[in-house]
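Taking it in order: structure first as structure tokens, then the write-up.
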Amino acid sequence: MWFPVSCQRTWGKMWEKFLVTLMPLLLLPFPICTGVSPPGQPVHLNCRSPEKETFTCRWEPGSDGGLTTMYHLFYQRENSDETFECPDYQSAGDHSCFFDRTHTFIWVTYNITIVASNSLGRTRSDPLEVDVMDIVYPNAPENLTASVVFLSSEESPYLLMTWEPPHGLDVHSGWITPTYQLRIKQKKENEWEEYISGKQTQFEIYSLPPEALFMVQVQCKIDHGLWSEWSPMVYAEVPNYTRPDKSDWIVVGVFLSFIVLVGTFILTVKRKLCVFCQQTFIELHLPRNIVVCTIGKVTFESSFFSSIKHCVLPPVPVPKIRGFDVQLLKSGRPEDILSAVFQQGFPPTVSCKDQSEYLVVSDSKESMMNSPTEQTRTANLSDYKWQSILHLSEEANWEVDGEQNLERCEDQDYTPESHRPTSTENTSMFNPPSFYADLQSIQNFSDQQQIDASENPVAKHINYIKIRVNSQNNRDEELHMDRTAVNMFCTSTAVGYVDISNVTEEELGENQFNYSKVSGVDTNNVLLLQREIVQPKSPPFGEKENLEEFTSQRSCYLDKTGPTPGEVNTGLKDNGYVDTMPM
Amino acid sequence: MRPVWFAILAIVFSEVPLRAGSAPICAQNGAVCNSLPLADLLDRVIQQSARVQGISNDLHSEFEQHFPPSRNQIRRQKCHTYNILTPDGKENAQRLAREELTEVILRLLGAWGDPLSQLHHRMAQQDQEGEQEEKQNDFNPLSSNRALEMSDMVQELRNGVERVAEKMQLLGVISNTLRDLSSPDALVSSSSSFSKRSEFNVMDHQDLLYCFRRDSNKVQSYLRILKCTILTEQNC
């Protein structure tokens, strides 16, 4: 039985099964399948216009069904029911239809259908709607040339590429404006570099490496259509030439100099800033070679900069002893030594509050708002930044002398019995933390609150506090908050109050400031306030004697003047920097 | 330091327009630009139309993404500008006199002023409704902004072409037979057919965008041909 295979394709599966099952029964002498069928459906219908004046449609035929099949293209134009047939089946090759200029209408929708027909039937393809403006797909640009050009003035050549628009494009009348795109690659590289050339038909590439082989291609696009195919590859070889290396080194040099400039700028700015600080506000000591400027509450601390600075410009430690004339000492004469050490003008007896170099210690607002009572004027100890002061290193020896003064002052009503400290030695060393804790309790206190004496009996009746700091230079800096002493014991105030002249806001006139000299600085917003004791013979900081003298001076002074609560001790002006507020 | 920077920037930016065109920028409100040469005017107008076409392409493709044209029926109603006779090929366009070509361009641009602003309002309204009802809004919320942008750009393009026409009349390039197309009755015929449409829905938006895309392409092609017929071939 002759069973052509082509039957299986054209018949449905049902028919196949039917035939298979009935095959024994259908032993007919004549074949069932003639091997022909109506044609299959043409597919892949697409149209392209290369220059927006003509267009071509192509399709893929389906099966021909074994018979000669004819293909016809029918189309309708927009808003018209009239059906036309393709004007030209030949020009564009097999299975194509070419619409020439007379049959091409832009901005008109074409509805195109292919009909395949043979003697057994016809099959229609799916319709395609097309507007010529959407199917503009140009051919690749032509006549691409790439050449290496040497200019006589420069030694470095450049690659010049030129091309022409694809054949048939009407550029001159402005109907079409193609834009171009190049891609260039060296033969040894893997990736293309793309360059957009715009509307120009030439392009240059500079800074060519010597002995390189370049491959170039170009493509074009019309308006918002599709990019064309890439043109055929063009090669260009760059000969060996000595490339001037100056340009590279120039770039490197500029970059390096820029970095150097930035670095010096940073360092100089930092340095200048602190010099500025030094001259105007703060006397700098350099215990740790950390340059920190504190103005009020602003700290220009920059450990980062300082670390850079230390790396680049390690500071030379210089012992700086104030009141010490190094030059005199260097001269080597014995008489100069004494004069070098004990200078007449040191410590400077500046008490005028107009000195601009003093640090303005301003009270916190809250403390100022607490209006004191009439009798006991208390102030928040945070005025003096106790907290930060005591946050010193372990090198500091703390001393609290609370008793000495008590005995000196005669006017007081205060009986120290209940509050006598267990240890009157001034060598009682308090660990800074505990002392700190004590003072913090003090700090938190307000008007009539008594100091909590539970932890430290001495702290209860602090009249003054002398803090002696043994710094590295073996100099002792002292800090006397003796204003408290002045007011406390020579006024008939109650026991245990730390009476500090309070500064209220209305009294804080423009020209009235508390001045304290800062003896040193520490990290984190730390100020070491210093009271200078001006002694005519300034023995180097002997504590007790000075103190006694001082306090006796104080008390005696006070006796004479009979201070009212809160009255300023004007004697202080002569002796130290502290200029308290008149109440 | 900052005032110094501001001063430098101010100097730079004040110099840039002086250097760029060597000509002051023309005001758009009624002032005739006599200082710009015609070629520059035409270039600017062509650039503007290219931008307009770019935006219309983007909007249309966005719509097609969200609402794919899976329908089989032949595309919708006619564009409302169908009654404006336009040349549909290169030769036809070249055969037209310059005055007629300019007139066609102006009529096309004038016919789209109203519809574009209505399109923007409709799209903005739909966006708001979508937000209120909290339904999944597939629209890019920037689409309505882009429609507004398109509407503004078309208005500017129209002004620009009017300037070009005036300049051409001034130079004697074209005769003074151009009717005043800015008068409302000249546009009645085209816009009335538009306003007769009763409802707007998504499909109409898509049709509208398709029609506009086509018309903007026409305008661009006509402008290019106009430029090359007026100017010498070297400038084209």
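Naming convention: chains lettered A, B, ... in sequence-line order (proteins, then strands); numbering from 1 in each chain.
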- Item | Spatial distance of atom OG1 (A/Thr177) from atom CD (B/Gln220) [nearest 0.5 Å] | 7.5 Å
- Query: Take atom CD in A/Glu229; do more than 12 heavy atoms of anything else shown fall under 6.0 Å from it?
  - Reply: no
- Item | Which atom of B/Cys228 lies closest to which atom of A/Ser173, heavy atoms considered | CB-O, 3.4 Å
- Does atom NE2 of A/His72 have more than 12 heavy-atom neighbours from other groups under 6.0 Å away? yes
- Message: Quick check for you: to the nearest 0.5 Å, what is the distance between A/Ile106 atom CD1 and B/Asn92 atom CG?
- Response: 10.0 Å
- Message: Tell me the closest heavy-atom pair linking A/Trp107 and B/Lys218, and the distance in Å.
- Response: CD2-CG, 3.3 Å
- Message: Just verifying a value: how many Å separate B/Arg214 CZ and A/Thr109 OG1, rounded to the nearest 0.5 Å?
- Response: 4.0 Å
- Query: Roughly how far, to the nearest 0.5 Å, is the OG atom of B/Ser61 from the NE2 atom of A/His224?
  - Reply: 11.0 Å
- Query: Of all of A/Asp134, A/Ile176, A/Thr104, which one pairs up most often with chain B through heavy atoms under 4.5 Å apart?
  - Reply: A/Asp134
- Message: Between A/Asp131 and B/Arg213, is the salt bridge (charged side-chain N to carboxylate O under 4.0 Å, His left out) condition met? List the steps.
- Response: CA-CA 12 Å; A/Asp131 190 330; B/Arg213 197 163 71 95; over 6 Å; no
- Message: Under 4.5 Å from any heavy atom of chain A, what part of B/Asn57 do you find: side chain, backbone, both or neither?
- Response: side chain
- Residues of residues 45-54 of chain A within contact distance of chain B, non-hydrogen under 4.5 Å: A/Lys52, A/Glu53
- Heavy-atom closest contact (A/Trp175 atom, B/Ser221 atom, distance): CZ3-CB, 3.9 Å
- Message: Check this for me: A/Ile196, atom CD1, are more than 12 non-hydrogen atoms of other residues, nucleotides or ligands nearer than 6.0 Å?
- Response: no
- Any salt bridge between A/Asp223 and B/Arg224, counting N to O under 4.0 Å? yes
- So which heavy atom on A/Met133 is nearest to which on B/Asn217, and how close? SD-ND2, 3.5 Å
- Okay, B/Gln53 and chain A: the region with an atom under 4.5 Å from a heavy atom over there is both
